[in-house]
Amino acid sequence: MKSDNAIARMSSKTYELQSRKGDFSLVPTSENDKKTQKESPNKGAIACASVSLILGVMVLAVGLFSLQYLPEYFENQVKQKAPLRPGTPTWDSWLSPPVAVYSNFTFFNVENPEEVLAGGKPVLTEKGPYVYREYKKREVMEAETPQGTIIYREVFTYEFDEEKSHPLKDSDKVTVVNPVAAAIGGKMEGQKKGNPWIFSFFEDALTDYDDGAFITETVRNLLEDGYDSAGLKALKETGIPVPATRFEGLLLKRNIGKNESYQGVIEIDNGSNGYSKLGRFVSWNGERELDIWPERDESNSCNQINGTDGTLFGPYTVKPDPSEKLYVFIPDLCRSLFLRYERDTVHYGITTLRYTVPYEAVAGPSDNPGSECFCPNQFELEECDIRTAIMPKDRCQPGSPVIMSTPHFYLTNWEELFNDFDGLSPEKSLHETYMDLDPVVSVPLSARKRLQANIKIRPAYPLPSFANLAKEYVFPLMWIEQGADFTEAVADRLKSKVYKSKDMLSNIPWVGIGFGIACIFGSIVYFLRMYSIRES
């Protein structure tokens, strides 16, 4: 009976087998004691959790610190590599840009020239675009001056692109306002007022050789080959000095060879004087300041050569801030214009900043203080407020009848221009100038420069063909779109060289932050569990 009770007591307990000096015996232990022994904190585990906590705090601190420091480090590295010198990664691509540039020429065909000559309203239709591939080569005259500048000239070569122009051909004929006759008429009017004796020679020479206010020529002759002028030939035969008896093609601004032109000697900052100065004009044709525009104030701001050529800016100099101005200098206009940020765009996965020429950049003095000096002397300042986006070239090229403007007079307040013609229809998406700039290296991934060439003609010109014009006209000749776009391959190179490193450095802090938080969280969970066990 006693043995049965003993067995019963043993069955209600848990025993452990222990050895003492070779003897084995059963030692009773409770279930709670066993559980406590299993879950008692191990000194090694506590040490591991403590190290994990300390490590997590340290890694988290480093991650938070590098979240600000690494982007700054990357930005500083990019800025340090900004100077443009022979042997640098960007030198060769700057000399010969890898991106194809196209110039599209759209002419304003005059549908009713005879009616216009008799006093009728001009009817215009667009004919184009005639697409030319533009090849740009920079000929360096001095790679790096002691002042940290580059002196060079740009040589342009143009080639008609039949595929992109199709179905149009450069043999197509267009009827347009005659720039040669307008230039001769303007010159004669000036001589009539100031030198009547010389004017008599003009008048006698051109009595039978009026080229006409309008001319019908092939696109190729107008742009490339040029054409003979009876008026110029008559003036030369009379002994009046003229540069040539042919009108050179409009692409040959300064003839240096077959279908080549250049825009003078340019000096720019190579970026060694500060990354933000990279590409800025220092001088043009040896002059650090123009002597073209009248000085209406002490700043002489209109004669300042501000900005870059629009293809090169310092890294991190463009920002999504509409209050900032981005200046470019345009040799064709002998003046600078500014652009402002408008919105973000995306090209091949790269977010870019779109800068456009705003109304205020081409506005009169009321809306663009400091632009008074761009007003011709014969105009009152109030009239300049009306003639917005109208830029005469006679100061830049004395005697030129050309007046530049935005296409279809986009952005102008001069309502009279729209009433003078049938066929004009300005539209922002087609006629604005813009650049889509990468926010890191500030290169344009897409850009369009759009300008219109107009010819001033007046019934006061002492030539028979102008006599019956209804009024003075700023007559549209053609508008030009010069543009370039990064290809996907070029964009991929930009991403691999710039954004791959930028993204990697941007991700490192987050990896550290994530790892640190995981270590801290794991350690806290472990300590809370141990605390809970002890309390129970």
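Numbers here are sequence positions counted from 1.
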Give a yes-or-no answer on whether the side chains of [X] and [Y] include a donor-acceptor pair shorter than 3.5 Å.
X	Y	value
Ser429	Glu427	yes
Thr356	Glu342	yes
Asn368	Tyr359	no
Asn454	Gln452	yes

What residues form a ring pair (Phe, Tyr, Trp, His ring centres under 6.0 Å) with [X], not counting sequence neighbours?
X	result
Tyr410	none
Tyr102	none
Trp94	Trp91, Tyr152

By salt bridge (charged side-chain N to carboxylate O under 4.0 Å, His left out), which residues pair with [X], not counting sequence neighbours?
X	value
Glu416	Lys471
Asp367	none
Arg448	Glu481, Asp485
Lys495	Asp492

Just distance, no hydrogens or angles: give the donor-acceptor pairs under 3.5 Å from side chains in residues 307-329, sequence neighbours left out.
from: Thr308; atom 1: OG1; to: Gly310; atom 2: N; distance (Å): 3.0
from: Thr308; atom 1: OG1; to: Leu312; atom 2: O; distance (Å): 3.2
from: Asp309; atom 1: OD1; to: Thr311; atom 2: N; distance (Å): 2.9
from: Asp309; atom 1: OD1; to: Thr311; atom 2: OG1; distance (Å): 2.8
from: Asp309; atom 1: OD2; to: Arg138; atom 2: NH2; distance (Å): 3.1
from: Asp309; atom 1: OD2; to: Thr311; atom 2: OG1; distance (Å): 3.1
from: Thr311; atom 1: OG1; to: Arg138; atom 2: NH2; distance (Å): 3.2
from: Thr317; atom 1: OG1; to: Gly314; atom 2: O; distance (Å): 2.5
from: Lys319; atom 1: NZ; to: Tyr316; atom 2: O; distance (Å): 3.4
from: Asp321; atom 1: OD1; to: Ser323; atom 2: N; distance (Å): 3.0
from: Asp321; atom 1: OD1; to: Ser323; atom 2: OG; distance (Å): 2.7
from: Asp321; atom 1: OD2; to: Ser323; atom 2: OG; distance (Å): 3.1

For [X], check side-chain hydrogen bond (donor to acceptor under 3.5 Å, both in side chains) against everything at least two apart and list the hits.
X	value
Gln80	none
Ser276	none
Glu126	His408, Trp479
Glu134	Ser103, Gln482

Q) Once you round to the nearest 0.5 Å, how far does CE of Met391 lie from OG1 of Thr406? A)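 One finds 6.5 Å between CE of Met391 and OG1 of Thr406.
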
Q | Residues Arg354, Asp436: salt bridge by 4.0 Å N-O rule | A | yes

